[in-house]
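Note sheet for the following structure.
For ligands, and for the atoms within them, numbers begin at 1 and follow the listed sequence.
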Amino acid sequence: MLKRTHTCGALRAGDAGKETVLNGWVGSARDHGGLVFINIRDRYGVTQAVFDPAESPDLMNTAKMLHGEDVIALKGTVRQRPGEQANRNMPTGEIEVLAKELILLNRAKTPPFEIEDETTAAEELRLKYRYLDLRRPALQNILMLRHKTAQLTRQYLSGEGFLEVETPMLTKSTPEGARDYLVPSRVSKGHFYALPQSPQLFKQLLMVAGFDRYFQIVKCFRDEDLRTDRQPEFTQIDIEASFIDREDIYKTMEGLVSLLWKELKGVSFKVPFDRLSYAEAMERFGSDRPDRRIPWELVTVTDIFKNSSFKAFAGAVENGGIVKAVEMTGMAERFSRKEVDLAGEFVKTYGARGDASLKGIEKFLTSNEVPALKERLGISDKDTVLFVADKPKTVNDALGALRVELGKKFKTFDADSIDVLWVTDFPLMEKDEKEGRYVSLHHPFTSPDPSDIGLLDSNPSKAKALAYDCVINGSEIGGGSIRIHDRNVQQKIFDLLKISREEAKKRFGFLLEALEFGAPPHGGIAFGLDRIVMLLAGTDSIRDVIAFPKTTSASCLMTDAPSDVDKTQLKELGIELK
Ligand code: ASP
C-alpha cells in the first residue's frame with residue numbers, strides 16, 4: 001500500500017521537487033494533448049495529477065481506465081505549473097503531481113449524481129445516497145464548520161467554569177410545547193419512556209445538586225410539524241447556572257456568540273447586544289423575533305380609523321380589532337397595483353381579511369384623516385403604506401410576516417449585514433382561546449417577574465416573565481429564563497395552567513420535591529446549534545448542517561427509518577398493531 005504523505009489540500013509551490021503519495025477519490029479525468037489529468041479529492045482539498053506517456057505509457061493507460069469516485073493511491077513528484085497554467089481558484093493550483101505509481105484501492109460504481117458543489121440532483125436522491133452527497137466539498141466544509149463551532153463552544157464554556165454533564169435520553173416527558181417521541185419499555189410492559197424535548201428538568205436538578213454551572217451539547221427530540229428550519233431531532237447548546245440573574249446569562253451568551261462569529265467569520269459584534277421588550281418588538285415589528293435589517297416598521301393607527309368613513313376599518317375597530325400600517329420608505333415607484341394584490345393574498349394565509357394601500361383607500365377617507373395618517377406615519381409621496389385591520393394577533397402576525405417577505409423580496413438590506421438582539425420581558429402566559437386556559441409562553445418552570453407576582457391573582461396574562469430570547473437576522477437562535485425555585489410559586493403556576501395537583505405530582509413530582517431540599521435560585525438558556533451553524537454557513541436549509549438529516553415528513557431516506565419491526569420485537573414489548 002502506498003501510504004499517504006500529504007493530503008490533497010496540502011501541496012504548494014514551495015513543495016516543488018518533493019516526492020509525494022496522495023490517497024483519495026478520483027474527480028474529473030481529462031485527456032489533453034496526449035496527457036491525462038486527474039483530480040484527486042479528499043476532505044482537505046483537490047490536487048491535480050498528470051500522467052505523461054513519456055514517463056510511463058502503461059501508467060497512463062491505467063489512468064485512462066479510472067472512473068469518477070474510484071479510490072486510489074498515487075505516488076509522484078510535485079512540480080510547479082508553468083505561470084499561465086496555474087489555477088488561482090484552487091489552493092493547490094500552483095502545482096501538480098507528475099504520476100510515477102498508481103494503485104487502485106477500490107472501484108466505485110457510477111454514482112447516481114455527480115459529486116460537485118453545483119448540483120442539480122434532486123434532494124431525495126441526495127438524501128438516499130447521503131454518504132455521496134456528503135463528499136461534496138460544500139457539505140464537507142459545513143460539517144467542519146459545525147465541528148469548530150462545537151469545539152469553540154466547549155472551550156469557551158469550560159473556560160467560564162461550566163461543567164459538561166450528560167442527561168438521560170430515555171426519560172420522562174419534558175413540556176416544551178411539542179409532542180413526545182415515546183419508547184416502549186420491554187421490562188415494564190405498557191410503560192413508555194419519552195425522548196427529551198430538552199434536558200430542562202435535569203439541568204434544574206443539577207442546580208439543586210450543587211453543580212452551579214452546567215452545559216451540554218445535546219440532542220433534543222420534538223414531534224411537531226416540520227419546516228425547512230426544523231428537524232425532529234436537533235442539537236442544543238444547553239446551559240444552566242445558579243446564583244445568577246439575567247445579566248449573567250446575557251453576558252455569557254454574548255461572549256459565546258461574539259467568539260464564534262469572530263473566530264469563524266472574522267466579524268465583530270458590538271456588546272452588549274441591543275435589547276427590545278416583547279411589547280416593543282410586537283408593536284414595531286409585529287414579531288417577537290424581529291429582523292431589524294429591514295428598514296421598515298409597523299405603526300398603529302387604530303385611533304385614526306375609529307370613526308372613519310372607511311367602513312371596513314371602522315367596523316374592525318368597533319369589533320375590538322386594531323389597524324396597523326407597514327411604512328415602506330421610498331417604495332412608491334417599485335410597488336405596483338399588482339404587488340398590493342399579491343400582498344393581499346399573502347396576509348390571507350395568516351388569517352387576515354386582506355390589506356389596503358393608502359393610495360387605494362385615499363378616496364374613502366375624509367380630508368382630515370389623510371393628513372393625520374401622513375403625519376403619524378411620517379411619509380411622503382415617495383413612500384408606500386399598506387394597512388391591515390383585524391384582531392390584534394392577526395394584524396401583528398400578518399403584517400409582521402408581510403414586512404419580512406417584502407423586505408427580503410425587494411432586497412432592502414445588505415445580505416452580509418447581521419442584526420443581533422435580545423427580546424426580553426415576555427408575558428408569562430397567554431390565554432389559549434381554543435382550550436379556554438392559560439399556557440406558558442416559554443415553559444411552566446419560568447419565573448414570573450417578582451414585581452408582577454400580584455398580577456398572578458388579578459390578571460395573569462399581564463404578568464411578565466424573567467424570560468429572554470436571542471434573535472439573529474429574524475431567527476430565534478436561543479431562549480431561556482430565570483426559573484422558579486420556590487415550591488409554592490411553582491404550585492401556583494401549575495394551578496393557573498390548570499395542571500391539577502395530581503397531574504403535577506405524576507409528571508413533575510420529582511422536581512417539586514427537589515425544590516423543597518434547598519434549591520438555589522437559578523436560570524439558564526438553550527441555543528440551537530443547528531441554527532447557529534446555518535447562520536455561520538449562510539445556508540437556509542437545516543438539512544445542510546446535519547450529517548444525516550430527515551425529510552420534512554420525519555423520515556430518513558437512506559436507512560428508511562421509521563420502518564416496521566419484527567412481530568417478535570413487538571410481542572416482547574407487549575404491543576399489538578391495529
Ligand atoms: N429548555 C428550554 C428550551 O429547550 C431552554 C431553557 O429554558 O433553558 O427551549
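Within 4.0 Å of ligand 1, the residues that place a heavy atom are Glu176, Ser198, Gln200, Lys203, Arg222, Gln236, His443, Gly479, Gly480, Arg483, Gly524, Ile525, Ala526, listed by chain and number.
For Thr174, the side-chain hydrogen bond (donor to acceptor under 3.5 Å, both in side chains) criterion is met by no residue, not counting sequence neighbours.
Between Asp425 and Ser277, the side chains place no donor N or O within less than 3.5 Å of an acceptor N or O (distance only, hydrogens not considered). Judged by distance alone, the side chains of Thr300 and Glu283 do bring a donor and an acceptor atom under 3.5 Å apart. Judged by distance alone, the side chains of Ser475 and Asn473 never bring a donor and an acceptor atom under 3.5 Å apart.
Atom NZ of Lys506 is surrounded by 12 or fewer heavy atoms from other residues, nucleotides or ligands within 6.0 Å.
Between the side chain of Tyr468 and the backbone N or O of Ser481, at least one donor-acceptor pair lies under 3.5 Å.
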